[in-house]
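These numbers were taken from a predicted model, which means no experiment stands behind them. Convention: sequence-line order gives letters A, B, ...; per-chain numbering from 1.
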2 protein chains.
Amino acid sequence: MKIADKHQKILQASIKVFARNGFFNSRISEIAKEANVADGTIYLYFNNKYDILIAIFEEEIGKIIARIKQELAEIKNPAEKLERFALLHLQLVEENRDLAEVIQVEIRQSTKFMKDYRNRKFAEYLNIISQIVRQGQEEKIFRADILPGIFKRAYFGALDEMSRFWVLSGKKKYSVSTAAKEISAFFLQGIRVQGPDTSHSSMTVET
Amino acid sequence: MKIADKHQKILQASIKVFARNGFFNSRISEIAKEANVADGTIYLYFNNKYDILIAIFEEEIGKIIARIKQELAEIKNPAEKLERFALLHLQLVEENRDLAEVIQVEIRQSTKFMKDYRNRKFAEYLNIISQIVRQGQEEKIFRADILPGIFKRAYFGALDEMSRFWVLSGKKKYSVSTAAKEISAFFLQGIRVQGPDTSHSSMTVET
DNA sequence: TCTCAAAATGAATGGCAATTCATTCAATGA
DNA sequence: TCATTGAATGAATTGCCATTCATTTTGAGA
């Protein structure tokens, strides 16, 4: 087995164990067992327990950002982009439950310790959203008075809370695509009666 | 000093210390010091460290729910209610930074352990939102196809993420009321151009 | 002032688990 | 087959800290 493989094996085992017990309640010995490796071996690949947590974040989030950016590049319309972002975010959570749980719960826990580092990666993720908003504003599709800095957090927060519920409760009342469509619609159209899509309905006389 | 006072004193000290270090990195001895009390005294008022965390949640969230419900009772219009909810939520976070941090980060951390209990209190909080939505739907102010179960999470999530940013970064680029108005507007009106309040604009021919 | 029960104290205990490191294993090539 | 070296092992070490409890302090009533 190559070195990279063992590194990966320990990382995957850690994601599983951290998701199961939480970081502080996880034992190195349990990770070792899960990875079929001796306790000491872990220290050949990572400096300490905390280092594993950082590695999870660093290595896994990078992949996700890359994938989302790539998929969004194929779409032109900003409204569509936002909807697709929601779908991708929720799909990725569903496909990687354990990772999602670690990122949501554990990394958040230690945010204050890894502030600098974490912020950079996380900010990059959030900025995908604000970039879309700005593009929409330039194209006059989104209102000019929207503050992208608030929007990105609100949008991310809405998706994040939805997926947190799934991750923690283990059950989904609504499908991923239903939730994604619904949430993006809240933001795009609002929830008030009568105003769903005026860019088209404005062509219709409603007297 | 009355017994209730000391209980309270220890609780307040714990909120401070947990917010500062995180639950797992907080020492009973540090809480004791912060509360001007001996280590052992804490065990006269709480069964163990974890018990303190639960008490914080139980006792403090109850107050908050009561206060919000009371303030909302004075408002009739559902749209206004939603906006006020956002403002209250963010104000409460601002007024109780340490508590907010503990609830956001630490309690979330241990959600899986206190699932049953926590869910009941937390669900009650979320349901304030879905109740408003249902009221709005009955009054034909909100679209009938909105799913309140998704909306409540999305709305809460948006506010929560905004306040998490404040709590962790320690600085606010936008004022509380700006953020509250902006976020409630996203959900009420959407972000698209032309559709802010079509209940009026639909009377206008825009061809 | 004295008594006594309740409250408070904080040093000592005990258990736990991250990390270390002396030892063993495995693979390579001579 | 043997020697060498890097990888892997897991038992032992070490330090930490929640919790306990024997002792002291406090304060209310007599």
**Message:** Can you tell whether the side chains of A:Glu124 and A:Lys69 come within less than 4.0 Å, N to carboxylate O?
**Reply:** yes

Atom NZ of B:Lys33 and atom C1' of C:dT9 are separated, to the nearest Å, by 17 Å

Would you check if the side chain of A:Gln104 reaches a backbone N or O of A:Asp160 as a donor-acceptor pair within less than 3.5 Å?
yes

B/S/- along nucleotides 9-28 of chain D (protein heavy atoms under 4.0 Å) is BB------SSBB--------

Side chains of A:Glu95 and A:Gln91: is there a donor and an acceptor less than 3.5 Å apart?
-> no

Between CG of A:Asp5 and P of D:dA7 the distance, given in whole Å, is 14 Å

The single option from A:Asp98, A:Val93, A:Ile61 that satisfies side-chain contact (heavy atoms from CB on, under 4.5 Å) with A:Ile103 is A:Ile61

**Message:** Taking A:Ser130's backbone N and O only, do any of them form a donor-acceptor pair with A:Asn127's side chain (distance below 3.5 Å, no angle check)?
**Reply:** no

Between NZ of B:Lys9 and C1' of C:dA7 the distance, given in whole Å, is 13 Å

Please check: side-chain N/O of A:Arg27 versus main-chain N/O of A:Phe24, any donor-acceptor pairing under 3.5 Å? yes

note: A:Phe46, atom CZ; C:dT20, atom C1'; distance rounded to Å ~ 18 Å

